[in-house]
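What follows is a set of notes on a single structure, which appears directly below.
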Amino acid sequence: MKTTTEDGCVGPDARAQETLLELVKISTEGVGGHDACIRALLREVTGYFKLPLSIISRIDGPRYEVEFVLDANRQIEVGQGFDLAATYCERVLTLEKPLYVHHAADSQLVDHPCYREMALETYLGIRLFRNGEVYGTLSLTAPEPREHPFTPADISVLETAGALVSHHLALRQAERRFSLALKGAAVGFWEWDVRTDSVFWSPQYREVLGFTDPDFEPVFDDFSSRVHPDDLERVMLSINDHLALRKPFDIEFQICHEAGWYLWVRARGQAQWDAGGQAMRMAGSIDDITARKTAENRAQDRLRMLELAGQAASIGYVEIDLSSGTGMASDEVYEILGLERNTFDLSLDHLLALTHPDDTRLAREFVEASLESGELGAETIRFRRGHDGLERFVHVWIQALDGPGRPAPRIFSVIQDVTDQRADEQRLRQQTQELRRTNVELERFATVASHDLQEPLRKVTTFGDLMVRDYGDKLDDRGVRMLETMAGAAHRMRQLIRDLLQYSRSSHVALDVQPVSLDDLMDGVMSDLDMSIRDCDAKVDYPRGLALAGDPVLLRQLFQNLIGNAVKYRDPERPPRIGVTVQDDEETCQITVTDNGIGFDADHAERIFEVFRRLHARDSYPGTGVGLALCQRIVERHGGMIRAEGRPGKGASFTVTLPKAPIDRYSLMTGMAEATQPIH
């Protein structure tokens, strides 16, 4: 069961918890091999952050190579290589710690070559390790900034994903080595004459230890001197016990290869004694078990990784055998429920006895329903901690595990203390309600302020016009110019107030999403701009028979500003030529408006969308500097993005990418959908 807010949205921490569980599940099940697991982990973490580009890289010196990638724009491919210094990941390696940047323009990355070249605003990056050494990075990027910084839950998701990917990278390498070891596996035989200390090693034995000199005649010290110092005492004690006490000799230890590295071997042997009970000789075999030891270490590493994931997310694991009534649990379970491992008898009944009296019936019905369905179930249940009686909200996932020949199934459960999240959700609901109230008040204030500000401006304009009409012939040229300047300033102020009011409302209204004919949209825009287009002999070409999805009023404002902008910033040496092109795929629609006007410097491509940002003097080109900011606001309200390209004297183009199914994220977050109406 997903934790939801009052208005039906999935809580951010609950979503992070579910993602962490899914990451652990992907890693644990290991379906399709390690490469498939790594791809699945990358898809899961990409889906969580909803960023267009995610890469798992391999870094070799100054080279950054793409090993796994998910690219919504299909521009980056596996195997592509880049200069590490030109990527944000270089900063992650330099700092030797993860990097989370939600707005690069306001961060340490603003001077980075990657930002200057690509202007990527959002970036998350973390190092990946293989066997203790840096292998590469896991990174996610987007050209747009995030509205808010990354939360501790977001960081937990990325770091857990990075740890699990690192885990599979190490396992993949170990399995490849294991495969090679199996192909070359051989059992070597040996014999030791205890009385003369001479030793015989078979060719296979020599091969295992890397001896290539066929004339080398070993003695016992050639064996003992190569045993790892940590294992030497144990090996010698086992040999002595066999010779003196006739205990079985079967031992695993590390021994040094001729090349200087250690391998794991299993040695077995049998001695022969004389009539007096003295050992005469001892013979046996030696088997290279390095691959098996690696596999065992891999299993231990996997368990440690699961424990690490549980600790990172404060998640506990419980398994109970209903036939015996016994169970086992991780340390996090005892900590969450306030129990002492040595004194608490772990069973289903004892756990249910810890539930809050008001939730005991819910808990029992939940367990019974999960057992009956056999499917994964989830519920939030109140518990009373064992050592202090404090009430805690605990989210519980239960899966019944049938065992062969078992009269009753086993239960595997994952639990997480969500008391703090519940408190945060309550605060979030209160903040959302306050935000709704504040937005309504802001909307009312903007309307009243607009009216109250424009009324005196209208009087200034009116009386200024009357003075020019009635007393213009009595004023000198300077007086006339002063009146004209006053009237122009008043007109500009009225236009600025209207633009700011429109900009403010564009973020507060609920989207009225519906199919919109591009023909009707552009015909309306052309009608509104008819006089401006005729005055400069502009020509506007756009395709027919296409449809978009969105708010028709906001989309009309968007295209009216883009077309009007192209007409306004025309080149005085040639008539304006404006083209509208459309490209779409299954998920998005891309509209590009191109003109042959005066253009702009590429360095201004991002700043051009800032409120009040003007690249030209007011006496050269009129306007308030709000139009393009309004365009960006409208596009983002639809869940899309807009970018600008241009060259001085060569024209400009504005590319709008809109989703086929727009999502009114603002209304979902604030609940303003029912409190406001679309702009008309």
Side-chain angles (χ1 to χ4, degrees), residues 1-6 8-31 40 44 47-48 153 156-157 160 306 309-310 312-330 332-337 339 346-386 391-404 406-422 425:
M1 177 178 293
K2 297 179 179 179
T3 303
T4 58
T5 62
E6 188 178 67
C9 301
V10 178
D13 285 350
R15 183 164 172 265
Q17 296 159 17
E18 293 174 4
T19 302
L20 286 168
L21 285 174
E22 185 61 25
L23 290 171
V24 173
K25 179 181 178 183
I26 291 170
S27 179
T28 303
E29 292 179 350
V31 177
E44 186 65 21
Y48 174 83
S156 178
V157 168
T160 300
L306 288 175
S314 299
I315 294 175
Y317 308 91
V318 183
E319 184 177 343
I320 296 178
D321 189 329
L322 296 183
S323 60
S324 64
T326 60
M328 59 177 293
S330 65
E332 288 77 19
V333 171
Y334 291 92
E335 182 177 351
I336 291 171
L337 299 181
L339 306 173
L346 186 63
S347 68
L348 180 60
D349 288 338
H350 289 162
L351 287 174
L352 290 174
L354 294 171
T355 58
H356 190 283
D358 293 343
D359 283 4
T360 299
R361 181 177 178 181
L362 168 66
R364 289 190 177 276
E365 291 176 349
F366 167 58
V367 173
E368 292 171 359
S370 298
L371 290 174
E372 183 177 351
S373 68
E375 298 179 354
L376 179 66
E379 185 61 86
T380 299
I381 299 169
R382 285 176 294 172
F383 281 80
R384 283 182 170 171
R385 288 168 54 89
E391 180 180 308
R392 308 298 292 176
F393 286 89
V394 179
H395 201 62
V396 182
W397 292 264
I398 287 182
Q399 177 72 62
L401 305 174
D402 293 318
R406 293 179 180 271
R410 292 171 295 150
I411 292 178
F412 181 75
S413 178
V414 177
I415 72 171
Q416 185 172 31
D417 188 341
V418 295
T419 306
D420 294 340
Q421 291 91 321
R422 278 295 183 99
E425 290 167 8

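Proximity of a side-chain donor or acceptor of S27 to a complementary backbone N or O of L23 within less than 3.5 Å is not detected. With hydrogens and angles ignored, the 3.5 Å screen pairs a side-chain donor or acceptor of Q399 with a backbone N or O of L376.
Interatomic distance, CG of L337 versus NE2 of H350, reported as 14.0 Å (0.5 Å rounding). Expressed to the nearest 0.5 Å, how far CG of L352 lies from CZ of F383 amounts to 7.0 Å. Separating the CD1 atom in I398 from the CG atom in L348 is a distance of 7.5 Å, to the nearest 0.5 Å. Going from atom CZ of R422 over to atom CZ of R382 covers 9.0 Å, rounded to the nearest 0.5 Å. In this structure, the separation between CG on L20 and OH on Y48 is 8.0 Å, given to the nearest 0.5 Å. Taken to the nearest 0.5 Å, the CD atom of E425 stands 11.0 Å off from the CG atom of D420.
Across all non-hydrogen atoms, the minimal contact from G47 to R15 is O-NH2, 2.9 Å. In this structure, W397 and A378 approach most closely via the heavy-atom pair CD1-CB, 3.6 Å. Contact between A153 and A16 at its shortest, heavy atoms only, is CB-CB, 3.7 Å. The two residues A400 and S370 make their nearest non-hydrogen contact at CB-O, 4.3 Å. Residues I315 and S330 approach most closely at O-OG, 4.5 Å, considering heavy atoms. Contact detail for I320 and S347: the closest heavy-atom pair is CD1-C, 3.9 Å.
Side-chain contact between V24 and V414 is absent, with no heavy atoms from C-beta onward closer than 4.5 Å. Between Q17 and V418, some side-chain heavy-atom pair lies under the 4.5 Å cut-off.
I381 pairs with exactly one of T355, V394, L354 by the side chain to side chain contact (heavy atoms under 4.5 Å, CB included) rule, that one being T355.
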side-chain contact (heavy atoms from CB on, under 4.5 Å) evaluation trace for V396 with I415 | CA-CA 5 Å; V396 182; I415 72 171; 4.2 Å; yes
Assess whether side-chain contact (heavy atoms from CB on, under 4.5 Å) is satisfied between E44 and T19, documenting all intermediate values.
-> CA-CA 7 Å; E44 186 65 21; T19 302; 4.0 Å; yes
Would you check, one step at a time, whether the test side-chain contact (heavy atoms from CB on, under 4.5 Å) holds for T380 with H395?
-> CA-CA 4 Å; T380 299; H395 201 62; 2.6 Å; yes
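Within a 6.0 Å radius of CD in E335, other residues, nucleotides and ligands contribute 12 heavy atoms or fewer.
R364 has no carboxylate O lying under 4.0 Å from a charged side-chain N of E368, or vice versa, which leaves the two without a salt bridge.
No hydrogens or angles considered: a donor-acceptor pair under 3.5 Å links the side chains of T419 and D417.
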